[in-house]
Amino acid sequence: MGSTPVRVRFAPSPTGFLHVGGARTALFNWLFARHNKGTFVLRVEDTDSARYADEYVEAVYRALRWLKLDWDEGPDIGGALGPYRQRERGAMHREVAQKLLASGAVYECYCGSKKDEEAADESENDDDSSESAGTDGAIERAKPVCRCSALSDAEKTSLRAKGVQPALRMRVDPQRAVIVDDLVRGHVEFPAGTIGDFVIVKSDGGPLYNFAAVVDDHAMRITHVIRGEEHLANTPKQLLLYEALGWEPPLFAHIPIILNEQRRKLSKRDGATFVNEYEALGFLPDALVNFLGLLGWSPGGNRELLTRAQMLDEFTIESVVKHPAIFDHAKLAWMNKEYLKALPLDELAERVIALLEGRASIPDRIDPEHVRRVVSLLHERAYTVAEIVDQGAYFFTRGAVAPAPDALAKYCSTPEAAERLKEVRAALAEAPPDFDAPDVENAIRGLAQRTGRKAAEFIHPLRVAVTGQAVSPGIFEVCSILGREVALERIDALLARLSEQRAVGLERSR
RNA sequence: GGCCCCAUCGUCUAGAGGCCUAGGACGCCGCCCUCUCAAGGCGGAGACAGGGAUUCGAAUUCCCUUGGGGCUACCA
């Protein structure tokens, strides 16, 4: 088909942990590359020294690896078109900048940063507010015109003598228009007048995003730039650069942004937003990938649960939707639950143990065989691995459990409940030595039959006794897994507590 | 403010002029099962933002309005 092999890149800026939005962008790039048998490049955009932190580069690798999105070229593994860390590409950036300066496409600008300007502004004027509208003063403020393009050589040298270092500014013809033919958005036209002469190299010599991205994408022979929609407005600037350089631009695909429940760009305040947080909460990477893949893309039809292979097989840019998507935690949770249910018990048990072992105080009952049995009961009741650990806390320790107040109130508030519990205790004490689930069941059902009561009358207090909670998996299995010794011990503990409470209650009512 | 993008159930989406009295999934509600909770089964409520135009026919095309979002840095 296409004569040129596909090359795409994911170019995160390591100023924080990998965001789910970034992960989704990485995923789409990866899917596109793999679907087209192309190359997936990882490039680290670390030119903003103010915000960049080295540890975050590692965090990005880690998150990507956890998601199993493998890259073919990158800072860690190298590649023919490196280096893949933007700050190591300074020489090339400078060279291209010089070329642009020599051709007259850019000019030196001595205005100083906008920040300085604003600071100066604030100290003077203000308060002429609204009424100056309509005059061209208002227009000028909206899009300040830089006059440096008209500076004479003499003026430049004198400025430089004063120690003013110039930035490099792109000359943009305000009359023209720039057209972006986007793979997902179609034909988009930008009046260049609204772009203005933009800076490509800071006065300290550092390249700016739009410039560095163009130079690097070209050098790395990127064929398709797949990135978030927030970059759509940057694209005309980059296209202008390609044009000035005489380079053929890549194809662009701007994928919809991910919003929070408030319809805002996802931010830290929206609960978990970083990939590593999902890892820590016990989400499964395949589930996250499945969920993220369906945010802004659909294979068509009614399928929801897709394997990586299926996604990879069917992914096309054309089927990416245009509208933003809200990150729905409830649906992710459901999806994770589905993956949890499908996960082999051994593997789930390993994950549970890993989580348990990471706890400050490691519980005393986490041998693999035992955990496997526990997990077989809990794996279809929990949304995350972390939930299994929490819900099953009473399984991982031999000691007594503190009953939850609501459970106590619901099932153990009457003297009858204590009576039933005593009877259960006796019945369980006499159950067959294997103490497997049917043994427990027979013991309790038999007891119910003998006494003419409903099994539930025995089961509920028993559940509170052995789990401390009003809800749990089937009680017969729970007791069996816990073992007779632990079960009886916990029943005794509750019984003791109940009679104590009763004594206090009588005391009070006196 | 300016420029740009977007617009189907609460949410993710299917839908590329008649197949749509708009389908699926999550969530929600009810019933069944049942020792509680899940799981499972069955059923239910729930959307084409509004207005024009084109057409025999519009969720699907065009225009306007409204609404939402993004960008507007010597950040990326």
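All values reported here derive from a predicted model rather than from experimental measurement. A, B, ... follow the sequence lines: proteins, then strands. Residue 1 opens every chain.
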(message) Quick check on the 6.0 Å ring-centre criterion: do A:Trp297 and A:Phe28 meet it?
(response) no
(message) Quick check: A:Phe283 with A:Tyr383 (ring centres under 6.0 Å apart)?
(response)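 No; A:Phe283 has its ring centre 6.0 Å or more from that of A:Tyr383.
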Residue [X], side-chain atoms from C-beta onward, closest of [options]:
X: A:Trp334; options: B:A25, B:C35, B:C4; answer: B:A25
X: A:Arg381; options: B:C3, B:A38, B:C35; answer: B:A38
X: A:Val188; options: B:C35, B:C5, B:C12; answer: B:C5
X: A:Lys331; options: B:U36, B:G24, B:A76; answer: B:G24
X: A:Ala456; options: B:G27, B:C6, B:C35; answer: B:C35
X: A:Ala325; options: B:C74, B:U13, B:C35; answer: B:U13
X: A:Lys337; options: B:C71, B:A38, B:G69; answer: B:A38
X: A:Ala330; options: B:G69, B:A38, B:G27; answer: B:G27
X: A:Arg445; options: B:G27, B:C35, B:G69; answer: B:C35
X: A:Ala233; options: B:C4, B:G69, B:C71; answer: B:C71

With both distances kept under 3.5 Å, what pairs with [N], Watson-Crick or G-U wobble?
N: B:C28; value: B:G44
N: B:G1; value: B:U72
N: B:U34; value: none
N: B:A7; value: B:U66
N: B:C19; value: none

Would you kindly give the [atom1]-to-[atom2] distance between [X] and [N], to the nearest whole Å?
X: A:Gln238; N: B:C71; atom1: CD; atom2: C1'; answer: 13 Å
X: A:Arg303; N: B:A14; atom1: CZ; atom2: C1'; answer: 12 Å
X: A:Ile475; N: B:U36; atom1: CD1; atom2: C1'; answer: 9 Å
X: A:Asp204; N: B:C75; atom1: CG; atom2: P; answer: 8 Å
X: A:Asp328; N: B:A25; atom1: CG; atom2: P; answer: 15 Å
X: A:Ile459; N: B:U34; atom1: CD1; atom2: P; answer: 13 Å
X: A:Leu232; N: B:A76; atom1: CG; atom2: P; answer: 19 Å
X: A:Leu305; N: B:G24; atom1: CG; atom2: C1'; answer: 13 Å

Please classify the nucleic acid contact of [X] as base, sugar-phosphate, or nothing, using heavy-atom distances under 4.0 Å.
X: A:Lys410; answer: nothing
X: A:Ala167; answer: base
X: A:Arg185; answer: sugar-phosphate
X: A:Pro299; answer: nothing
X: A:Val201; answer: nothing
X: A:Gly296; answer: sugar-phosphate
X: A:His231; answer: base
X: A:Asn210; answer: nothing
X: A:Phe198; answer: nothing
X: A:Glu230; answer: sugar-phosphate
X: A:Glu189; answer: sugar-phosphate
X: A:Glu304; answer: base
X: A:Lys341; answer: sugar-phosphate
X: A:Pro256; answer: nothing

Quick one: is [N] close enough that its OP1 or OP2 comes under 4.0 Å of any side-chain N or O from [X]?
X: A:Lys322; N: B:C6; answer: yes
X: A:Arg264; N: B:G69; answer: yes
X: A:Arg263; N: B:G67; answer: no
X: A:His323; N: B:U13; answer: yes
X: A:Lys202; N: B:A73; answer: no
X: A:Lys237; N: B:A76; answer: no
X: A:Thr194; N: B:C4; answer: no
X: A:Arg463; N: B:C37; answer: no

Looking just at side-chain N and O atoms, do [X] and [Y] make a donor-acceptor pair shorter than 3.5 Å?
X: A:Tyr209; Y: A:His231; result: yes
X: A:Arg227; Y: A:Thr25; result: no
X: A:Tyr56; Y: A:Glu58; result: no

Considering only atom [atom1], compute the distance from [N] to [M] and round it to an integer number of Å.
N: B:G27; M: B:C6; atom1: C1'; value: 25 Å
N: B:U66; M: B:G52; atom1: C1'; value: 14 Å
N: B:G2; M: B:A49; atom1: P; value: 26 Å
N: B:A59; M: B:G50; atom1: C1'; value: 14 Å
N: B:A25; M: B:U21; atom1: C1'; value: 22 Å
N: B:G23; M: B:G15; atom1: P; value: 15 Å
N: B:G40; M: B:C33; atom1: C1'; value: 8 Å
N: B:A39; M: B:C26; atom1: P; value: 10 Å

(request) Check the surroundings of atom NZ in A:Lys341: do more than 12 heavy atoms from other residues, nucleotides or ligands lie under 6.0 Å from it? (result)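 Yes.
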(request) Assess whether one donor atom and one acceptor atom, taken from the side chain of A:Ser203 and the base of B:C74, lie less than 3.5 Å apart. (result) yes
Would you call [X] and [Y] a salt bridge, taking side-chain N to carboxylate O under 4.0 Å as the test?
X: A:Lys331; Y: A:Glu304; value: yes
X: A:Arg87; Y: A:Asp46; value: yes
X: A:Arg43; Y: A:Asp217; value: yes

(request) Find out whether A:Lys156 and A:Pro166 are in side-chain contact, i.e. whether some heavy atom of one side chain is under 4.5 Å from a heavy atom of the other. (result) no
